[in-house]
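Each residue takes its place number in the sequence, starting with 1. The shown structure was predicted, so the numbers you read here are calculated from the model rather than taken from an experiment.
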Amino acid sequence: MSKITLEICIDTPAALIAAQKGGADRVELCSALVAGGLTPSRGFMRFAAAQKMRAHVMIRPREGDFCFDQHEMQLMLDDIALAQNENMQGVVLGATQQDGQLDMAMLNELVAAANGMDITLHRAFDVTPDPFEALEQAIELGFNRILTSGQKTNASAGIDLIAKLVERAAGRIEIMPGSGVGVASAKDLLAIDGITSLHSSCSAPLAQSPNAAQDLGFAAEDGRRETVQYRVEELVQALAKLEGVAS
């Protein structure tokens with residue numbers, strides 16, 4: 001087994017440092033992970049660049065579904081240009097029509113705008129009615145990879161579809177499992193021949209200070225989560241052991 005690339009989704013500078021020190025290969029740079037991840041600020045992109053951490057930037061202008069209007073489309077085009085100007089290595093994007101099918105016209109324009117960057121189709125893929133049709137469309141559009149939980153709430157639950165997608169892709173596009181990925185699930189996911197990367201948050205609950213921030217609705221009732229270094233280290237070590245067994 002070749003080395004598995006570990007991508008950590010993060011939305012704070014502390015999480016980026018934890019991912020870097022823990023041994024992650026790259027980060028997915030976001031804001032508002034509690035909403036599934038939104039476009040980060042220019043300042044956060046510059047912080048990632050200053051740390052010399054390989055970063056792929058989430059391009060998602062709002063929470064909710066993935067049906068974007070033309071104003072939101074323009075925001076995404078501008079944010080792709082911003083990511084390019086800040087020397088980010090990749091972008092993570094997606095868009096669907098109201099019936100859940102990929103919005104080919106919009107995605108074609110977004111992918112063209114990201115020319116020269118590494119491009120990931122995010123979990124908008126997981127709401128598509130026919131994942132195998134969406135797979136072929138992603139290949140046609142020129143995406144480098146698809147981030148997917150196998151259309152389930154987490155990658156462990158969607159492992160059967162993930163395996164079928166990897167088989168159908170046949171090396172034409174990378175299939176990267178994500179959502180709920182940790183030490184416990186990594187072994188099963190990496191048993192799928194053709195998986196070369198994993199996506200995880202490696203997060204833990206983080207207390208809010210003061211408590212009033214939570215009481216007044218600035219934080220979720222169960223607090224917020226953030227990537228912690230020891231969880232990244234544990235996953236990196238587990239992957240190294242799995243790679244050693246398979247080699």
Under 3.5 Å side-chain donor-acceptor pair for Glu7 and His199
yes
Of all heavy-atom pairs linking Phe125 and Ile146, the shortest is CG-CG2, 3.6 Å
| Can we say Lys3 and Asp25 salt-bridge, meaning some charged N sits less than 4.0 Å from an Asp/Glu carboxylate O? | yes
For Asp118, is there an ion pair with Arg145 - N to carboxylate O distance below 4.0 angstrom?
yes
Original post:
Are more than 12 heavy atoms from other residues, nucleotides or ligands located less than 6.0 Å from atom CD of Gln74?
Top reply: yes
So, do Val92 and Val57 sit near enough that their side-chain heavy atoms are less than 4.5 Å apart?
no
Close side-chain approach of Met104 to Gln97, heavy-atom, < 4.5 Å | no
Are more than 12 heavy atoms, taken from residues, nucleotides or ligands other than Glu63, located less than 6.0 Å from that residue's CD atom? no
- Task: Please lay out, stage by stage, how Ser149 and Asp126 fare under the test side chain to side chain donor-acceptor pair (under 3.5 Å).
- Result: CA-CA 7 Å; Ser149 62; Asp126 285 330; 3.0 Å; yes
Item to complete: Output, in order, the C-alpha distance, side-chain angles, deciding distance and verdict of side chain to side chain donor-acceptor pair (under 3.5 Å) for Gln151 and Thr128.
Response: CA-CA 8 Å; Gln151 299 200 327; Thr128 59; 3.2 Å; yes
Between Phe132 and Leu161 the two heavy atoms that sit nearest each other are CZ-CD1, 3.7 Å
Counting neighbours of CG on Asp69 that are heavy atoms of other residues, nucleotides or ligands and sit closer than 6.0 Å, is the number greater than 12?
yes
Requested in this report: Indicate yes or no for a side-chain donor-acceptor contact from Thr96 to the backbone of Leu102 under 3.5 Å, with no hydrogens or angles considered.
Outcome: no
>> Salt bridge check, Glu72 against Arg60: does any charged N sit closer than 4.0 Å to a carboxylate O?
In response: no
Any side-chain heavy atom of Gln229 within less than 4.5 Å of one from Gln20? no
When rounded to the nearest 0.5 Å, the distance separating CZ of Phe44 from CD1 of Ile10 is 3.5 Å
When rounded to the nearest 0.5 Å, the distance separating CZ of Arg46 from CG of Asn85 is 9.5 Å
Might you confirm whether atom CG of Asp193 has over 12 heavy atoms from other residues, nucleotides or ligands at distances under 6.0 Å? no
- Message: Are the side chains of Phe68 and Arg62 in contact, using a 4.5 Å heavy-atom criterion?
- Response: yes
>> Within the 4.5 Å heavy-atom criterion, are Leu82 and Asp78 side-chain neighbours or not?
In response: no
